[in-house]
Amino acid sequence: MKFYNLKDGTQLVDFQTAVRTGLGRDQGLFFPKKIQPLDNIEELLELSVHERNFQLLKPFVASNLNDQQLADIIEKTFAFPAKLVGINKSDEADTEYCLELFHGPTLAFKDFGANFMANCLSSFDLDAESASKKITILTATSGDTGAAVAEAFYGLDNIQVVILFPKGKISDLQQKMFTTLGGNIHTLAVEGSFDDCQQLVKQSFDHPELVEAIGLNSANSINISRLLAQVCYYFDGFSQLPKSKRDQVVIAIPSGNFGNLCAAIIARTLGLPIKRFVAATNVNDTVPRYLQTGDWAPKATIATISNAMDVSKPNNWPRIEYLMESGQFPASDLSGVAVDEIKTAETLKEIYAQGYLSEPHAAVAYCGLKQTLSEDETGIFLGTAHPAKFQETVEEILDMDISLPPELAQCITKQDLSKFIDADFSQLESFLYQL
Ligand SMILES: *Cc1c(COP(=O)(O)O)cnc(C)c1O
């Protein structure tokens with residue numbers, strides 16, 4: 001399958017180029033022109049996770065990866081489960097489920113996409129010239145991408161990783177998970193917001209000399225490989241639903257950069273029978289407002305307790321809009337809900353009262369789900385991070401202690417190796433050239 005540049009339809013690349021370059025000309029996103037619906041969904045849902053993911057991903061990657069390579073990548077990437085958990089007290093009455101995506105090494109859903117991307121990059125058969133070229137992965141993080149990318153790329157040959165994060169705006173734990181590794185993982189604390197960090201990444205792609213000199217790439221969800229890996233867990237979650245509950249499925253997705261929602265819509269376009277989606281945001285509500293008014297009017301980013309969603313200019317929106325405009329996904333099957341801080345905290349308490357411990361991002365999604373779910377529907381909300389990753393916030397809201405998993409406990413004592421820069425491209429540029 002080929003991938004088009006959504007800003008310049010004449011640029012048409014194969015999977016490998018899309019993954020190795022990240023962004024197309026004019027900062028355009030790569031995307032398939034037409035997603036071919038599958039006609040064997042029932043069968044796919046019966047397969048094992050690895051077999052199913054192989055079938056799902058093969059059409060997208062087959063021009064560059066042979067069956068054995070893809071099978072190996074899948075085995076390495078999907079080495080941890082996505083678990084569908086009923087959150088209502090009695091099993092009988094379950095109508096609401098959390099799709100837990102946080103059982104990977106850095107305890108957030110981004111482990112799926114980051115691992116898939118890293119495994120693809122290390123599997124491509126390259127000619128001598130491409131193989132000798134270095135790759136610099138430049139990535140902005142609103143909290144969780146940093147850890148997932150650092151973990152997935154740490155120690156890989158020929159790849160330098162530079163992670164930008166908004167100084168003082170992510171939790172200590174989130175920060176320590178990627179700033180203490182060293183080696184090929186470089187971290188920069190930026191005086192600014194996540195949108196500023198994202199802007200710096202995009203600006204870097206605007207400098208062809210820089211791009212060429214350092215082999216610039218991005219591991220943000222602008223990289224199509226990340227989204228493709230995420231498509232798989234929607235099928236996985238769906239297959240874990242009792243058959244009697246598969247008719248009227250609504251999925252609520254806690255959204256920031258809108259990669260996860262985009263992957264969900266790709267899954268539906270492939271034929272997964274999801275009835276409709278709820279895009280749930282915190283008060284950074286550019287998309288819910290846009291869906292209501294038709295006006296794209298990003299405001300300044302506001303810091304919230306669901307900080308991985310503190311994004312007001314979501315990068316993946318053009319892909320979702322493309323799926324709507326090209327008639328592959330009806331806009332009427334998507335609604336937006338914005339959830340403020342008070343409601344987020346209340347919802348976290350409400351879920352806990354049902355016996356389920358969650359965290360602020362999932363609470364935003366659950367709140368969005370509750371507002372629209374009717375009695376005959378089955379609701380799934382995504383658990384995008386492990387509650388312990390947001391320990392302080394969760395402890396404060398629920399007034400209880402929660403313990404840290406060992407992955408987190410061990411990194412908290414290590415030294416933060418980040419350097420500081422202003423939200424200023426020339427400072428970033430000098431840093432990149434001296435790597
Ligand atoms: C990244 C992240 C999100 C937002 O996902 P997008 O794909 O950027 O919309 C939500 N929750 C958590 C915990 C995250 O890390």
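In listed order, ligands and their atoms are each counted from 1. All residue numbers in this chain count up from 1 along the given sequence.
Note on D310 versus K169: no salt bridge recorded, every NZ/NE/NH1/NH2 to OD/OE distance being 4.0 Å or above. Here K7 does not pair with D26 in a salt bridge; the nearest charged N to carboxylate O distance is not below 4.0 Å.
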Between ligand 1 and the protein, find all N/O pairs closer than 3.5 Å and give the distance for each.
| unit_1 | atom_1 | unit_2 | atom_2 | d |
| --- | --- | --- | --- | --- |
| ligand 1 | 7 (O) | G259 | N | 3.1 |
| ligand 1 | 7 (O) | N260 | N | 2.9 |
| ligand 1 | 8 (O) | N257 | N | 2.8 |
| ligand 1 | 9 (O) | G256 | N | 2.8 |
| ligand 1 | 9 (O) | N257 | N | 3.2 |
| ligand 1 | 9 (O) | F258 | N | 2.8 |
| ligand 1 | 11 (N) | T384 | OG1 | 2.9 |
| ligand 1 | 15 (O) | K110 | NZ | 2.5 |
| ligand 1 | 15 (O) | D144 | OD2 | 2.5 |

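Other residues, nucleotides and ligands contribute only 12 or fewer heavy atoms inside 6.0 Å of the NZ atom of K33.
The main-chain N or O of I135 is never found under 3.5 Å from a side-chain atom of N217 such that the two would form a donor-acceptor pair.
Residues G383 and A362 approach most closely at CA-CB, 4.1 Å, considering heavy atoms.
Checked against the 6.0 Å centroid threshold, F112 and F80 count as a close aromatic pair.
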